[in-house]
Amino acid sequence: MKIFEIFWDYRDYFLKGLEFTLLLAAISVVGGFIVGILISLLRMSRWSILRFIGTAWVEILRGTPMIVQLFIVHYGLATTFNIKFTPFESGSITLILNSSAYLAEIFRAGIQGVDKGQTEAARSLGMSGGMTMRYIILPQALKSVLPAIGNEFVTIIKESSIVYVIGLAEIMYQTNTIITITYDGMTPYLVAALMYFILTFTLSKILNKLERKLSNRDKR
């Protein structure tokens, strides 16, 4: 079939794009996870100024298109403040910021879903607020929202394709390069779609297996 011929003939392009896509997704997932937890804690802070900062972060990033955020990071900061990033750095920063807003709400829902008795019991044992959150609340909250976190990770992989517009040589950028070489406006896109499907399908299966493993461990 032509789809396999195109993939094989231009495999170096596709594999190079796959390498950038996986690296970008991995960095964005880890960064978004860390920043998301911090923002969720700001959203639940006892101080109103911190709650305001956390709320503004979530609402602004969820209420604006990612491509606008990408252009602000890559072009806006460079032209206004002379802060210049490479396409890879701009793509990573934008994906981290965007995903952190969605993950923050997922973490907040998980933390608020933990029984308050758990907090009271930990504090009665002499644990500080920070220790209670770190050792008692967060582990339970993360376990309960694992499916939602997995869905967000899959979304990050798919939305990473947007960074091709600033010249990062990920899957979509390489696909467009192949189209200009072959004048075939369909087959390279089908190869790209198949590659994204394999990535997201595989990740979903891994996360489902991890979820079942954690669930079975809780039943013991």
Side-chain angles (χ1 to χ4, degrees), residues 16-45 50-78 80-81 83-111 130 133-134 137-139 141-173 195-196 199-200 202-204 206-207 210-211:
K16 190 66 177 177
L18 177 64
E19 179 184 342
F20 272 110
T21 295
L22 288 175
L23 184 59
L24 183 65
I27 292 174
S28 303
V29 163
V30 174
F33 188 88
I34 295 171
V35 179
I37 288 179
L38 295 176
I39 296 301
S40 69
L41 295 178
L42 290 181
R43 289 269 280 160
M44 294 180 290
S45 172
L50 295 181
R51 286 200 306 276
F52 173 78
I53 292 172
T55 301
W57 181 283
V58 170
E59 296 300 333
I60 290 173
L61 288 171
R62 293 202 312 176
T64 54
M66 185 186 291
I67 193 168
V68 175
Q69 298 164 14
L70 180 63
F71 285 164
I72 289 174
V73 171
H74 191 65
Y75 298 118
L77 293 180
T80 306
F81 301 106
I83 301 174
K84 298 178 180 178
F85 296 112
T86 65
F88 186 82
E89 291 169 341
S90 295
S92 299
I93 292 171
T94 303
L95 285 172
I96 288 172
L97 295 178
N98 188 272
S99 65
S100 70
Y102 291 92
L103 287 171
E105 288 302 274
I106 293 172
F107 293 143
R108 187 168 69 96
I111 292 171
M133 181 60 71
R134 181 179 175 185
I137 305 301
L138 274 181
L142 292 178
K143 191 181 297 183
S144 67
V145 299
L146 188 60
I149 294 174
N151 289 334
E152 179 61 22
F153 289 172
V154 170
T155 300
I156 289 175
I157 289 178
K158 290 187 291 185
E159 292 187 345
S160 67
S161 62
I162 200 172
V163 300
Y164 90 92
V165 298
I166 60 172
L168 180 62
E170 46 72 68
I171 292 177
M172 278 305 298
Y173 182 93
M195 292 175 71
Y196 280 115
L199 281 177
T200 56
T202 303
L203 180 60
S204 297
I206 292 173
L207 290 170
L210 177 61
E211 184 185 352

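Starting from 1, each residue takes its place in the sequence as its number. Just so you know, these numbers come straight off a predicted model, no measurement behind them.
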Rounded to the nearest 0.5 Å, what separation is found between the [atom1] atom of [X] and the [atom2] atom of [Y]?
X	Y	atom1	atom2	answer
Ile27	Leu95	CD1	CG	10.5 Å
Ile111	Arg43	CD1	CZ	11.5 Å
Ile156	Leu103	CD1	CG	6.0 Å
His74	Lys84	NE2	NZ	10.5 Å
Met195	Met172	CE	CE	11.5 Å
Ile162	Met66	CD1	CE	6.0 Å

How close do [X] and [Y] get, counting heavy atoms only, and between which atoms?
X	Y	result
Ala169	Phe20	O-CD1, 3.3 Å
Leu168	Tyr173	O-CB, 3.1 Å
Ser99	Gly32	OG-CA, 3.5 Å
Gly54	Leu42	CA-CB, 4.1 Å
Ala101	Arg62	CB-CG, 3.8 Å
Val163	Leu70	CA-CD2, 4.0 Å

Are side-chain heavy atoms of [X] and [Y] found at a separation under 4.5 Å?
X	Y	value
Leu38	Trp57	no
Leu24	Ser92	yes
Arg108	Val58	no
Ile149	Phe107	yes
Leu203	Leu199	no
Thr155	Tyr102	no
Phe33	Leu142	yes

Got a donor-acceptor contact below 3.5 angstrom from the [X] side chain to the [Y] backbone?
X	Y	result
Ser90	Pro87	no
Thr21	Ile171	yes
Thr94	Gly91	no
Gln69	Leu61	yes

Are more than 12 heavy atoms from other residues, nucleotides or ligands located less than 6.0 Å from atom [atom1] of [X]?
X	atom1	value
Arg134	CZ	no
Tyr196	OH	yes
Phe52	CZ	no
Phe153	CZ	yes

